[in-house]
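Heads up, the thing below is written out as structure tokens.
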Amino acid sequence: MKTPSRSGNPAATPAPHIAVIHGPNLNLLGTREPNIYGSSTLEEINRRLIELGRELGIAVSPFQSNHEGEIVDFIHSIRDTHAGIVINPAGLTHTSVALRDALAAVALPIVEVHLSNTHAREEFRRRSYVSPIALGVISGLGPAGYEFALKALAARLEQTASE
Ligand code: CA2
């Protein structure tokens with residue numbers, strides 16, 4: 001199989017797409033609770049991920065919603081166009097069977113990211129409906145966690161493309 005192109009040649013294999021999904025309230029990043037979630041805004045995080053994606057030969061599609069159904073619809077919509085998902089499901093991590101079912105249904109490789117260490121906080125944050133169907137989980141490393149997740153998915157795609 002062909003590997004993703006990093007040549008910048010438009011005639012070469014198109015870059016695989018990876019969605020970066022941010023759940024409810026993450027639009028507030030950088031404006032409230034910097035002691036827990038840091039001072040980067042969502043826009044800054046997305047900009048950095050798009051830039052990193054370019055370096056990795058990946059087209060990054062960021063998406064944020066405060067509405068569970070919109071996130072489910074978005075996941076359905078990328079089923080045939082995207083090769084993987086980085087997701088911070090935010091509060092839906094701990095509550096949403098619908099989100100988990102949508103992710104399982106599209107059967108794309110997923111990396112779950114949390115800015116804070118969910119295991120060092122309240123007990124209810126320790127349960128994730130997403131983790132059992134994720135390739136991996138990164139928690140507590142701040143915005144760098146999204147970058148590690150993107151690199152891990154890019155490496156996985158390279159690996160599966162060469163198999
Ligand atoms: O640590 C994370 O990334 C979380 O996914 C964030 C969620 C929380 O429910 C999870 O347990 C862990 C909360 C997102 C709220 O985002 C805010 C950002 C700025 C100000 C207030 C809330």
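Everything numeric in this text was worked out from a predicted model, so none of it was measured. Note that ligands are numbered from 1 as they come in the structure, with each ligand's atoms numbered from 1 the same way.
Residue Arg32 has at least one heavy-atom neighbour below 4.0 Å for each of these atoms of ligand 1: 19 (C), 20 (C). Close contacts of ligand 1 with Leu26, meaning ligand atoms under 4.0 Å from a residue heavy atom, involve 14 (C), 16 (O). The ligand atoms of ligand 1 that sit less than 4.0 angstrom from a heavy atom of Leu28 are 19 (C), 20 (C). Distances below 4.0 Å separate heavy atoms of His94 from the following atoms of ligand 1: 10 (C), 11 (O).
At the top of the distance list for atom 1 (O) of ligand 1, counting protein heavy atoms only, stands Ser116 OG, 2.5 Å. Here the heavy atom of the protein found nearest to atom 8 (C) of ligand 1 is Arg125 NH1, 3.2 Å.
In terms of hydrophobic clustering, with Ile, Leu, Val, Met, Phe, Trp and Tyr side chains grouped at heavy-atom distances under 4.5 Å, Ile87 and Leu29 are assigned to different clusters. In the hydrophobic cluster analysis, where Ile, Leu, Val, Met, Phe, Trp and Tyr join through side-chain heavy atoms closer than 4.5 angstrom, Val97 is grouped apart from Ile85.
Between His94 and His114, the angle of the ring planes stays under 30°, which puts this pair in the parallel group of the 30/60° scheme. Under the 30°/60° scheme for interplanar angles, the aromatic rings of Phe74 and Phe63 are found to lie parallel.
Counting heavy atoms only, Asn25 comes closest to atom 16 (O) of ligand 1 of the residues Leu115, Thr93, Asn25. Between atom 4 (C) of ligand 1 and the options Arg121, Glu33, His114, Arg126, the minimum heavy-atom separation is to His114.
Within 6.0 Å of CZ on Arg79 lie no more than 12 heavy atoms contributed by other residues, nucleotides or ligands.
Side-chain atoms of Leu115 and Pro143, non-hydrogen and from C-beta on, do get closer than 4.5 Å to each other. At a threshold of 4.5 Å between non-hydrogen side-chain atoms, the residues Val86 and Leu49 do not count as touching.
Not a single N or O atom of Thr118, backbone or side chain, sits closer than 3.5 Å to an N or O atom of ligand 1. Checked by distance only, ligand 1 and Asn88 come closer than 3.5 Å through their nitrogen or oxygen atoms. Polar contact check, Tyr37 against ligand 1: no nitrogen or oxygen pair lies under 3.5 Å apart.
Between Leu29 and ligand 1 there is a heavy-atom distance shorter than 4.0 Å.
Using a cut-off of 4.0 Å between Lys/Arg side-chain N and Asp/Glu carboxylate O, Arg54 and Glu51 are scored as not salt-bridged.
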